[in-house]
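Input: a single structure, listed below in structure tokens.
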Amino acid sequence: MELLASILKNLPDAVSLGLVWGIMAIGVYITFKVLDIADMTVDGTFAMGGCIVASTVASGWNPIFSTLFAILCGMAAGLVTGILHTKLKIPAILAGILTMLSLYSVDLMILGGKSNIGMSQFGENRVYTILDKLAAALGTTAKTTNIITGIVLAVVIVMGLYWFFGTEQGCLIRATGINEAMVKAQGGNTDTMKIIGLIIANGFVSLSGALVSQIQRYGDVGMGTGTIVIGLASIIIGEVIFGTKCSFKVRLASVFFGSIIYRVIIAIVLLLGFNPNNLKLLTAVLVIAALSVPVIRGYIFERKRIRANMKKYEEVETDAGA
Amino acid sequence: MLVLKDVCKTFNRGSANEKVALQGIDLTVKEGDFITVIGGNGAGKSTMLNMISGAFPVDSGLVKIGGENVTNQPEHVRAKRIGRVFQDPMKGTAGDMWIEENLAIAMRRGKRRSLRWGVTKDERELYKKLLAPFDLGLEDRLQTKVSLLSGGQRQALTLLMATVQKPDILLLDEHTAALDPKTAAKVLAMTDELIKEHNLTAIMVTHNMKDAIKYGNRLIMMMNGKIIYDVSGEEKAALEVSDLLKKFEVSTGEEFANDRMLLV
Ligand SMILES: Nc1ncnc2c1ncn2[C@@H]1O[C@H](COP(=O)(O)OP(=O)(O)O)[C@@H](O)[C@H]1O
Ligand SMILES: [Mg+2]
């Protein structure tokens with residue numbers, strides 16, 4: 001009972017955190033699901049978004065400008081991976097890892113050689129303080145405004161992406177992830193399509209990192225570790241709930257729902273006394289389990305088929321023996 | 001409409017798997033020509049089409065389409081002049097997208113892709129009209145994913161996609177080979193109709209000699225990366241399968257033994 005109460009108490013935070021991390025998961029969705037590329041850049045981009053905001057806000061920037069700047073830098077990171085992959089023909093995974101690795105050094109530079117910067121010491125200069133003031137003016141709580149802002153942002157992103165991927169340009173990007181030969185035969189430049197997709201995806205990931213660092217009140221060079229896996233976990237949870245057959249709009253929204261549920265699961269697990277150090281392991285196991293379900297189902301099916309087939313012949317043999 | 005001048009292509013040059021695919025192809029295709037291409041496995045038929053479409057660059061030689069030198073143009077740039085249907089029915093369409101989305105992408109071949117909506121209402125009506133004559137019921141399934149269609153239906157759709165923007169040249173690479181005989185015959189008849197209706201210039205690779213004789217106004221036989229026989233007009237119309245077999249034996253100096261080229 002006490003547990004339930006504390007879960008309920010933590011729910012609003014888990015939801016607003018889930019919405020913000022969901023923006024990152026949407027980025028992973030664009031590369032992993034739409035473009036069919038496992039883009040490792042996101043681990044670096046997420047941390048970069050956080051570090052840029054921490055350092056620029058610390059030096060007195062308007063937090064909204066900082067956040068927009070972080071988005072631009074994230075897009076640039078996507079561009080770099082895109083060029084490495086398409087123009088220099090480096091396999092997508094390696095291209096992403098190379099950019100991610102480089103970004104680690106870039107992050108250290110951004111933070112002026114330190115591995116993290118706390119924002120608390122620089123006053124209440126965050127996007128969220130603006131929201132807090134808004135909440136006070138409207139007479140609601142900060143928690144409510146955070147959730148409402150998160151929902152508004154999520155809806156805008158889902159509608160925006162639904163629109164974009166329905167345009168002539170967007171259709172071609174989707175087709176690139178499905179059948180490159182077809183796109184080329186229809187006059188589409190698949191390299192450009194991949195680069196555009198990577199730019200957009202990493203812009204979202206960086207935005208997510210920028211917002212998360214403002215919630216946590218610090219930016220850390222290590223805050224991106226395992227980002228892609230968390231993104232995949234959110235996508236998978238969304239798929240488990242909504243299935244894979246629904247419309248594109250619903251699939252995009254399901255990523256946000258997946259991200260929220262992931263945060264709720266984490267919150268519950270922590271309340272149950274789970275060691276936070278093991279969270280990444282738990283997330284990885286979750287993704288492995290989800291990815292292996294269809295494979296294991298296939299094994300079981302295959303075993304049944306083999307056994308049924310062999311059984312037929314056993315009977316024939318015993319008949320002959322008798 | 002199309003000119004190939006001394007086009008050569010060798011794969012994996014200098015390695016143990018070096019494969020000479022084309023050795024000096026000269027070919028001039030007039031507007032409205034419908035050429036059928038036959039030849040044994042590995043004769044270079046597909047490679048010739050790939051040189052035209054730009055899927056691989058030529059080693060040497062010249063490719064001109066519609067008067068423009070496209071030899072060094074990347075595949076997606078010269079695609080505005082070319083319609084293509086592949087042997088693999090999966091290759092010409094995006095399976096995880098709707099029929100109308102596939103058609104809309106093809107409709108914009110050679111045009112700039114903007115941020116306008118990908119499929120318009122007017123287009124939808126047009127697609128219905130274009131699909132109806134195929135008699136496959138696709139006109140009522142515009143918002144069905146292509147992956148749910150049969151191989152024959154996908155190939156019919158690819159055919160429409162290749163021609164919905166009139167191409168300077170239509171390239172068909174054994175596009176009925178993966179289909180069952182009945183469907184293959186149907187798709188082939190559709191192909192012929194489309195080519196006649198829009199007065200298209202086309203090159204069709206086939207391993208069926210009867211079809212090669214039945215369709216088109218010109219026939220080319222390839223062997224070892226060369227064109228060894230080229231007939232058109234009256235002479236082509238009067239061809240018999242036995243003539244082609246004889247021609248083949250004379251060129252190789254051996255009995256015709258390639259089962260893939262046997263008549264179906
Ligand atoms: N992408 C490729 N890489 C290496 N060798 C190839 C490639 N494409 C074709 N070849 C080789 O070139 C020769 C001609 O092939 P192809 O044009 O496909 O013949 P056809 O279509 O007449 O059967 C064959 O020996 C084939 O093995
Ligand atoms: Mg071939």
Side-chain angles (χ1 to χ4, degrees), chain A residues 29-37 82-83 86-89 159-197 199-200 203 235 239 243-252 254, chain B residues 49-50 53-56 73-98 100-120 123 143 145-148 154 157-158 161-162 164-165 167 170-171 173:
Chain A
Y29 185 89
I30 292 170
T31 46
F32 196 74
K33 286 285 176 179
V34 177
L35 277 180
D36 200 18
I37 289 176
I83 288 172
T86 60
K87 303 298 177 202
L88 300 182
K89 310 283 177 216
M159 298 310 286
L161 285 177
Y162 177 72
W163 164 78
F164 177 70
F165 283 113
T167 63
E168 296 174 351
Q169 185 79 61
C171 277
L172 214 55
I173 295 179
R174 270 159 61 215
T176 301
I178 302 168
N179 184 351
E180 284 191 45
M182 176 266 202
V183 173
K184 283 183 193 156
Q186 299 302 343
N189 187 342
T190 50
D191 287 355
T192 310
M193 297 306 124
K194 289 184 198 170
I195 291 175
I196 294 175
I199 287 177
I200 296 175
I235 293 168
E239 278 182 355
T244 52
K245 297 225 157 29
C246 42
S247 76
F248 190 61
K249 228 183 294 187
V250 177
R251 297 205 62 180
L252 289 172
S254 81
Chain B
L49 296 200
N50 284 335
S53 69
F56 303 109
Q73 235 175 41
E75 187 180 6
H76 69 270
V77 176
R78 59 174 105 168
K80 64 173 177 279
R81 303 176 167 281
I82 304 169
R84 267 194 288 171
V85 184
F86 309 94
Q87 177 172 348
D88 180 1
M90 304 298 140
K91 209 175 164 189
T93 45
D96 210 25
M97 290 171 84
W98 289 344
E100 62 175 32
E101 289 174 322
N102 274 274
L103 279 165
I105 286 174
M107 192 73 186
R108 288 158 181 76
R109 180 155 45 79
K111 306 221 164 89
R112 230 183 61 81
R113 321 265 170 168
S114 71
L115 290 179
R116 275 192 298 268
W117 198 243
V119 193
T120 63
E123 270 178 81
Q143 305 201 337
K145 276 192 183 169
V146 171
S147 56
L148 298 174
R154 276 182 93 143
L157 179 61
T158 311
M161 288 168 61
V164 66
Q165 278 292 336
L170 176 64
L171 304 176
D173 191 356

Tell me whether the count of non-hydrogen atoms from other residues, nucleotides or ligands lying under 6.0 Å of NZ in K245(A) goes above 12. no
CZ (F165(A)) with more than 12 external heavy atoms under 6.0 Å: yes
Measure across [X] and [Y] and return the closest heavy-atom pair with its distance rounded to 0.1 Å.
{"X": "A185(A)", "Y": "F86(B)", "answer": "CB-CZ, 4.1 Å"}
{"X": "L115(B)", "Y": "W163(A)", "answer": "O-CZ2, 3.6 Å"}
{"X": "A79(B)", "Y": "K184(A)", "answer": "CB-O, 3.4 Å"}
{"X": "W117(B)", "Y": "Y162(A)", "answer": "CH2-O, 4.0 Å"}
{"X": "I105(B)", "Y": "A175(A)", "answer": "CD1-CB, 3.7 Å"}

Below 4.5 Å, heavy-atom pairs only: which of M97(B), Q165(B), E75(B) has the largest tally toward chain A? M97(B)
Closest-packed option against chain A by number of heavy-atom pairs under 4.5 Å, given S114(B), S53(B), A162(B), G83(B): S114(B)
With no hydrogens and no angle check, just 3.5 Å: does a side-chain donor-acceptor pair link Q186(A) and R109(B)? yes
Below 4.5 Å from any heavy atom of chain A, which atoms of [X] appear? Answer side chain, backbone, both or neither.
{"X": "R78(B)", "answer": "neither"}
{"X": "T93(B)", "answer": "backbone"}
{"X": "M90(B)", "answer": "backbone"}
{"X": "A106(B)", "answer": "both"}
{"X": "R84(B)", "answer": "side chain"}
{"X": "K80(B)", "answer": "neither"}

Look up atom [atom1] in [X] and atom [atom2] in [Y], then write down how far apart they are to the nearest 0.5 Å.
{"X": "C171(A)", "Y": "E100(B)", "atom1": "SG", "atom2": "CD", "result": "9.0 Å"}
{"X": "L172(A)", "Y": "H76(B)", "atom1": "CG", "atom2": "NE2", "result": "10.5 Å"}
{"X": "T192(A)", "Y": "R113(B)", "atom1": "OG1", "atom2": "CZ", "result": "11.5 Å"}

Short N-O contact, K111(B) and E168(A), less than 4.0 angstrom: no
Side chain to side chain contact (heavy atoms under 4.5 Å, CB included) between M182(A) and N102(B): does it pass, once the steps are laid out? CA-CA 9 Å; M182(A) 176 266 202; N102(B) 274 274; 3.2 Å; yes
